[in-house]
Amino acid sequence: MAALIEVRDLWKVYEQGDLRVEALRGVTLEIEAGESVAVMGASGSGKSTFMNVLGCLDRPTSGSFRLGGREIANASADERAELRCREIGFVFQSFNLIPRTSALENVELPLVYAGVAAAEQATRANEALRAVGLAGREQHLPNQLSGGQQQRVAIARALVNQPRLILADEPTGNLDTRSSMEILEIFQRLQRESGLTLIVVTHEPDIAAHFARVITFRDGEVISDTRQTPRVAVAGVRA
């Protein structure tokens, strides 16, 4: 498989007065299209900064970051916004759903920003909700859904623009173990069926065990990068 992500000597340095924080220190790696990757590390290790760079939410201080063969490190704010809209889907620990808006309307939101016609918005949003097992829940508000169901809405929202890359930041962090397995089962099925590239930040080894590759950060550097046979997630079964 071809590399979807190519990172070369990537640095991210924050400076405030005399304080200099090297959040990323010369990171070099590749992630192939279709890989499932867990990114681990303690608080302050650099894993969240790394994900922010991959998600085009932040620019590196120096180094190269190529997405699909395109150099992104020096892209403008507008170019990065376009990439986020077209190429990347995001899933967050806190779901980030609009409270007084239905599941369907939450999923349609990226399509609104992308300028997709209203009729197509509804069709694609319904398809995305079916893909995560929420057919029949389209008109439910977030407070009418369980935590696991809210995260499924968030996954559907991440999928609706048909991105090549899904970035998930602690997607099971607010869920019990049974709901976590349901989310992992959905991720594994979608990655297997559609060939998505899936990168998940987690601090839990039990969650990382469900991914084919585990990259661990410490002090802004990659200290290990291992491949493994992922544990199969079974919905409804505790970890």
Side-chain angles (χ1 to χ4, degrees), residues 31-43 45 47-48 51 54-55 88-97 103-104 106-107 125-138 140-160 162-217 224-239:
I31 296 174
E32 295 179 349
E35 278 200 272
S36 70
V37 181
V39 177
M40 300 192 70
S43 177
S45 64
K47 65 183 187 300
S48 294
M51 290 288 276
L54 296 190
I88 305 168
F90 296 91
V91 180
F92 302 97
Q93 178 177 345
S94 57
F95 318 141
N96 287 8
L97 302 180
L104 183 68
N106 267 285
V107 175
N126 274 296
E127 289 174 353
L129 286 167
R130 282 197 297 272
V132 297
L134 287 179
R137 303 288 182 127
E138 295 88 352
H140 284 61
L141 300 177
N143 65 6
Q144 297 172 314
L145 300 170
S146 69
Q149 289 169 334
Q150 290 184 61
Q151 192 61 294
R152 285 195 249 169
V153 173
I155 294 170
R157 182 182 57 194
L159 292 170
V160 75
Q162 301 168 340
R164 290 193 288 176
L165 172 63
I166 295 288
L167 298 176
D169 189 2
E170 300 281 3
T172 62
N174 284 344
L175 303 178
D176 60 29
T177 54
R178 188 177 298 272
S179 296
S180 295
M181 285 303 102
E182 292 174 354
I183 296 304
L184 290 169
E185 188 276 332
I186 289 169
F187 276 146
Q188 288 186 337
R189 174 170 51 81
L190 292 171
Q191 193 265 337
R192 182 175 63 249
E193 292 176 355
S194 65
L196 280 170
T197 304
L198 178 61
I199 305 176
V200 174
V201 165
T202 182
H203 66 277
E204 301 177 61
D206 283 348
I207 298 299
H210 293 83
F211 296 84
R213 183 176 176 186
V214 180
I215 298 171
T216 304
F217 279 78
S224 68
D225 184 352
T226 60
R227 299 180 188 274
Q228 62 189 9
T229 300
R231 186 184 302 166
V232 176
V234 180
V237 176
R238 295 186 182 276

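Bear in mind the structure is a predicted one, so any value in this text is a computation, not a measurement.
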Look at Arg213 together with Glu32 and state whether they make a salt bridge at an N to O cut-off of under 4.0 Å.
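So Arg213 does not pair with Glu32 through a salt bridge.
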
Are any of the side-chain nitrogens in Glu182 or Arg178 under 4.0 Å away from the carboxylate oxygens of its partner?
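Result for this pair is no, no salt bridge flagged.
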
Donor-acceptor pair, [X] side chain versus [Y] backbone, under 3.5 Å?
{"X": "Arg157", "Y": "Ala103", "result": "no"}
{"X": "Gln188", "Y": "Arg231", "result": "yes"}
{"X": "Thr197", "Y": "Gly34", "result": "yes"}
{"X": "Gln151", "Y": "Ile183", "result": "no"}
{"X": "Ser36", "Y": "Ala212", "result": "yes"}

For Glu35 and Leu198, what are the C-alpha separation, side-chain angles and deciding distance, and is it a side-chain contact (heavy atoms from CB on, under 4.5 Å)?
CA-CA 6 Å; Glu35 278 200 272; Leu198 178 61; over 6 Å; no

Value rounded to 0.5 Å, distance of [atom1] in [X] from [atom2] in [Y]:
{"X": "Leu165", "Y": "Leu54", "atom1": "CG", "atom2": "CG", "value": "7.0 Å"}
{"X": "Ile88", "Y": "Arg164", "atom1": "CD1", "atom2": "CZ", "value": "9.5 Å"}
{"X": "Leu104", "Y": "Leu134", "atom1": "CG", "atom2": "CG", "value": "11.5 Å"}
{"X": "Leu190", "Y": "Ile155", "atom1": "CG", "atom2": "CD1", "value": "7.5 Å"}
{"X": "His210", "Y": "Thr202", "atom1": "NE2", "atom2": "OG1", "value": "11.0 Å"}

Is there a side-chain contact between Ile199 and Ile166 (heavy atoms, below 4.5 Å)?
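Side-chain contact under 4.5 Å: no.
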
Within-4.5 Å side-chain heavy-atom neighbours: Ser224 and Val214
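In short, these two side chains do not touch, never coming nearer than 4.5 Å.
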
Tell me the closest heavy-atom pair linking [X] and [Y], and the distance in Å.
{"X": "Val153", "Y": "Leu145", "answer": "CG2-CD1, 3.8 Å"}
{"X": "Glu138", "Y": "Asn126", "answer": "CG-OD1, 3.3 Å"}
{"X": "Val39", "Y": "Lys47", "answer": "CG1-CB, 3.6 Å"}
{"X": "Arg152", "Y": "Ile186", "answer": "CD-CD1, 3.3 Å"}
{"X": "Leu175", "Y": "Gly148", "answer": "CD2-N, 3.6 Å"}
{"X": "Val132", "Y": "Ala156", "answer": "CG2-CB, 4.0 Å"}

Do the side-chain N and O atoms of His203 and Glu170 include a donor-acceptor pair separated by under 3.5 angstrom?
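A pair is found: one side chain offers a donor N or O, the other an acceptor, under 3.5 Å apart.
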
Can a side-chain donor-acceptor contact be found between Asp169 and Gln93 if the only test is distance below 3.5 angstrom?
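Absent: no donor and acceptor within the cut-off.
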
Checking Phe95 against Asn174 for the side-chain contact (heavy atoms from CB on, under 4.5 Å) test, could you report, in this order, the C-alpha distance in whole Å, the side-chain angles of both residues, the deciding distance, and whether it holds?
CA-CA 9 Å; Phe95 318 141; Asn174 284 344; 4.3 Å; yes

side-chain contact (heavy atoms from CB on, under 4.5 Å) between Ile207 and Phe211: does it pass, once the steps are laid out?
CA-CA 8 Å; Ile207 298 299; Phe211 296 84; 4.1 Å; yes

Can Ile215 and Met40 be said to form a side-chain contact (heavy atoms from CB on, under 4.5 Å), step by step?
CA-CA 6 Å; Ile215 298 171; Met40 300 192 70; over 6 Å; no

